Amino acid sequence: MSDPQVWTDVDDYFTTHLAPGDAALTAALRDSAAAGLPPIAVTAPQGKLLHLLATVQGARTVLEIGTLGGYSTIWLARALPADGRLTSLEFSPHHAEVATRNLARAGLDKLVEVRVGPALESLPALAEENPPPFDLVFIDADKANNPHYLYWALKLTRPGSLIVLDNVVRGGRVADPGSAEPDVVGTRAAVELVGAHPRLDGTAVQTVGGKGYDGFLLARVLD
């Protein structure tokens with residue numbers, strides 16, 4: 001079945017039974033839309049997947065590159081222990097302001113720090129602080145810089161850490177070697193970096209759903 005309406009209906013079914021959300025998650029989406037943020041947050045089943053990945057990973061520390069309105073941040077932060085920490089990097093001050101309000105309403109403001117500015121400036125600054133390695137990194141920012149984000153993710157993790165890269169299928173455009181579109185070029189470079197890097201072992205999963213045809217990449221950091 002390739003009917004996008006079927007994809008949406010199935011997404012809705014899974015959401016109802018497996019990822020119903022709550023007042024804080026619903027409000028995060030509502031207030032993000034009201035503030036004019038683009039409707040590009042992960043879906044509820046994808047948010048639940050991030051939560052489960054962080055839980056199975058036993059994550060105590062999470063790095064998120066691309067906060068948007070904090071919807072995925074809430075899912076991830078809820079998997080952390082009381083003394084865990086999540087650092088989220090957001091380019092837009094407006095998006096960060098919305099996310100900070102959403103996180104406070106969800107009771108997660110003590111666990112989460114949102115840093116504002118270009119991620120390729122925030123990441124080296126973060127590395128200079130020599131933080132404990134992150135157990136999980138979720139990359140969901142501008143796709144042209146995906147390989148650079150992967151580089152910093154490797155520097156800020158440890159053997160056994162998990163890196164999740166969102167939106168890698170690009171509606172199928174990732175398979176086009178002749179594409180000059182920056183999001184495709186950056187995503188292909190990231191995929192090929194994972195495939196060739198001696199310290200990464202990964203795979204990609206194609207998805208369909210309410211937001212169309214896309215997918216994500218999972219990579220484990222090796223010794």
Side-chain angles (χ1 to χ4, degrees), residues 1-19 21 29 32-33 36-54 56 63-69 71-73 75-76 89-92 95 119-120 136-154 162-197 199-221:
M1 299 288 289
S2 59
D3 181 358
Q5 183 58 51
V6 174
W7 301 347
T8 299
D9 292 344
V10 172
D11 238 10
D12 291 344
Y13 172 75
F14 287 149
T15 297
T16 298
H17 293 281
L18 302 175
L29 292 177
S32 294
L37 274 61
I40 56 174
V42 298
T43 64
Q46 291 166 347
K48 183 64 176 291
L49 174 62
L50 291 173
H51 178 88
L52 289 172
L53 288 172
V56 171
L63 173 63
E64 179 181 51
I65 304 175
T67 316
L68 195 62
Y71 182 74
S72 58
T73 320
W75 279 108
L76 286 164
L89 311 181
E90 173 53 47
F91 174 78
S92 165
H95 293 182
L120 292 181
L136 186 149
V137 179
F138 178 48
I139 302 172
D140 190 14
D142 57 307
K143 312 310 173 186
N145 281 314
N146 274 340
H148 304 297
Y149 297 147
L150 270 175
Y151 166 82
W152 284 105
L154 265 175
L162 179 67
I163 300 171
V164 182
L165 182 61
D166 200 14
N167 305 126
V168 297
V169 173
R170 317 303 301 161
R173 290 180 293 125
V174 72
D176 180 5
S179 175
E181 298 175 69
D183 63 330
V184 174
V185 173
T187 299
R188 286 176 61 90
V191 170
E192 292 162 20
L193 174 60
V194 170
H197 201 288
R199 292 191 59 228
L200 290 171
D201 185 25
T203 190
V205 177
Q206 301 182 68
T207 63
V208 295
K211 295 189 176 177
Y213 174 38
D214 215 324
F216 56 89
L217 181 149
L218 297 169
R220 184 173 183 268
V221 180

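Please read these numbers as outputs of a predicted model, since none were measured by experiment. All residue numbers in this chain count up from 1 along the given sequence.
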Holding to salt bridge (charged side-chain N to carboxylate O under 4.0 Å, His left out), I want the full list of residues that pass it with R220, two or more places apart in sequence or in another chain. none
Tell me every residue that passes side chain to side chain contact (heavy atoms under 4.5 Å, CB included) with L193, counting only those two or more places apart in sequence or in another chain. L150, H197
Could you give all pairs that pass the salt bridge (charged side-chain N to carboxylate O under 4.0 Å, His left out) test and reach residues 137-152, with sequence neighbours left out? D140-K143
Grab the two heavy atoms, one from Y149 and one from A119, that are nearest each other, plus how far apart they are. CE2-CB, 3.6 Å
Apply side chain to side chain contact (heavy atoms under 4.5 Å, CB included) to T43 and list each qualifying residue two or more places apart in sequence or on a separate chain. D11, P45, Q46, K211
Checking F216 against L49 for the side-chain contact (heavy atoms from CB on, under 4.5 Å) test, could you report, in this order, the C-alpha distance in whole Å, the side-chain angles of both residues, the deciding distance, and whether it holds? CA-CA 11 Å; F216 56 89; L49 174 62; 3.5 Å; yes
How far apart are the closest heavy atoms of L68 and P38, and which atoms are they? CD2-O, 3.9 Å
Nearest heavy-atom neighbours spanning F138 and D166: CE1-CB, 3.8 Å
So which heavy atom on L29 is nearest to which on A41, and how close? CD2-CB, 4.3 Å
Contact summary for T8 and G210, nearest pair of heavy atoms: OG1-CA, 3.5 Å
With rounding to the nearest 0.5 Å, note down the distance linking CG in N146 to CG in L165. 4.5 Å
Can you tell me which residue among N167, I163, V164, L89 is in a side chain to side chain contact (heavy atoms under 4.5 Å, CB included) with I139? I163
Test side-chain hydrogen bond (donor to acceptor under 3.5 Å, both in side chains) applied to D12 - qualifying residues, sequence neighbours left out: none
Those residues that, when tested against H95, pass side-chain hydrogen bond (donor to acceptor under 3.5 Å, both in side chains) (two or more places apart): E90
Those residues that, when tested against A189, pass side chain to side chain contact (heavy atoms under 4.5 Å, CB included) (two or more places apart): P147
Residues at least two apart in sequence or cross-chain that pass salt bridge (charged side-chain N to carboxylate O under 4.0 Å, His left out) with R173, listed by chain then number, are E181, D183
Not counting sequence neighbours, which residues clear side chain to side chain contact (heavy atoms under 4.5 Å, CB included) with H148? List them please. L120, N145
With a 3.5 Å cut-off and sequence neighbours excluded, list the donor-acceptor pairs that the side chains of residues 200-208 form with protein atoms.
| residue | atom | partner | partner atom | Å |
| --- | --- | --- | --- | --- |
| Q206 | OE1 | Y213 | OH | 2.2 |
| T207 | OG1 | D214 | O | 3.4 |
| T207 | OG1 | G215 | N | 3.4 |

Applying side-chain hydrogen bond (donor to acceptor under 3.5 Å, both in side chains) to E64 and not counting sequence neighbours gives S72, T73, S88
Using modelled atom types only, decide if a donor and an acceptor are shared between the side chain of R188 and the backbone of V174 within a distance under 3.5 Å. yes
Would you please classify the geometry between the Y13 ring and the H17 ring as parallel, tilted or perpendicular, with 30° and 60° separating the classes? tilted
Tell me the closest heavy-atom pair linking H51 and W75, and the distance in Å. ND1-O, 3.0 Å
